[in-house]
2 protein chains.
Amino acid sequence: MKIGELSEKSHYPAKTIRYYEDIGLLDRPTRDVNGYRNYDNSALQQLQFIRNSQAAGLKLKEIIQILDIRKEGQIPCKHVRQLLSRRLEEVTSRLDELQKAKEDLERLMAYADSFDQMSCDEELVCTILNRIK
Amino acid sequence: MKIGELSEKSHYPAKTIRYYEDIGLLDRPTRDVNGYRNYDNSALQQLQFIRNSQAAGLKLKEIIQILDIRKEGQIPCKHVRQLLSRRLEEVTSRLDELQKAKEDLERLMAYADSFDQMSCDEELVCTILNRIK
DNA sequence: ATCAATGTTCCAGTTAACTGGAATGTCAAG
DNA sequence: CTTGACATTCCAGTTAACTGGAACATTGAT
């Protein structure tokens, strides 16, 4: 199939498919006589795998690594586990940060609601924001 | 005070202070005869305000807006409330996303732990990641 | 006199994952 | 035969918030 069809089926823009090829994420397909890329279903599978991996929060570089391990005939399970575990830590600590940020923001909003709006004439730019500490 | 001193007191690198001036976030200070920047305490206060605003998750452009409103003699409370409320929404929805991502990752990890590692020889690159859907 | 530290400007690079656009080629339909 | 859709390559731009480095001036201390 040509790139347009693969694009439709995979829901990745053609531009992105070419980009993935450039960075070594997607295998180079064969070419028709006219130079057009000619994909088979394995390309679609790869793109689905890429989508799954992205959904798990992996970076393109990490996905390339997994694919490379496979290409060397190795089983990437162990590496994938490592990546997922690192990612889980990232997500967890980011969750904590955001939770704290949320509480701060709610406190700020509550203050903003409570106070007499016109009493704010300080040199400190904004009484609300300066209460975040 | 010179930029080095302001840098120490504010805990912002001198480079960043100059950058903030470039993008219109920090007022241009007066200059000494030699061309060196000469700051007073208000610069320090502004940097503290900037730090507070960043801590609330505001973008530099948004902080510039707040400062601009102040410079026009207006009270930025209403605008700040708006920004904070938008930010709170962002944080909340990002929290939801991450929470879901965390659950997915935990599910994936549990699967990775449970399964017989050497039974993985598929063409689909990785059985673990392909279970995310 | 010289040396290190600090200051200046200006330009370019970083990160990630694309996206836009120009210039050009190919193909199927009317 | 021309038109429009689709294909190609290649280069550059996007976003955010800096950061690095070159080339140069100034200052304070020895």
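Please read all numbers here as calculations on a predicted model, not as lab measurements. Here is the naming used below: chain letters follow the sequence lines, and residue numbers restart at 1 for every chain.
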**Complete:** Among the nucleotides dG7(C), dA17(D), dT26(C), whichever has the atom closest to the side chain of Y36(B) is dG7(C)
**Prompt:** From the list dT8(D), dT27(D), dA16(D), which nucleotide is the closest neighbour of the side chain of K61(B)?
**Reply:**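 Closest nucleotide among those given: dA16(D).
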**Asked** How far does CD of E5(A) sit from OG of S10(A), to the nearest 0.5 angstrom?
**Response**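 Here the rounded value is 10.5 Å.
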[X] [atom1] to [N] [atom2]: how many Å, rounded?
{"X": "D32(A)", "N": "dA28(C)", "atom1": "CG", "atom2": "C1'", "value": "15 Å"}
{"X": "I3(A)", "N": "dT26(C)", "atom1": "CD1", "atom2": "P", "value": "17 Å"}
{"X": "N38(B)", "N": "dT8(C)", "atom1": "CG", "atom2": "C1'", "value": "15 Å"}
{"X": "E5(B)", "N": "dG28(D)", "atom1": "CD", "atom2": "P", "value": "14 Å"}

**Asked** Taking only residues at least two apart or on different chains, which pairs with a member in residues 57-109 of chain B satisfy ring-ring contact (aromatic ring centres under 6.0 Å, His included)?
**Response** none
**First of K2(B) and G35(A) reached from the 5' end of DNA chain D, by closest nucleotide** =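 By nearest-heavy-atom nucleotide position, the 5'-most residue is G35(A).
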**Message:** Give the residues of residues 7-26 of chain B touching DNA chain D, defined as any heavy atom closer than 4.0 Å, sorted by residue number.
**Reply:**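 DNA chain D contact set from residues 7-26 of chain B: P13(B), K15(B), T16(B), Y19(B), Y20(B).
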Does [X] put a side-chain nitrogen or oxygen below 4.0 Å from OP1 or OP2 of [N]?
{"X": "Q54(A)", "N": "dA16(C)", "result": "no"}
{"X": "R37(B)", "N": "dG7(C)", "result": "no"}
{"X": "R31(A)", "N": "dT26(C)", "result": "no"}
{"X": "N34(B)", "N": "dT27(D)", "result": "yes"}

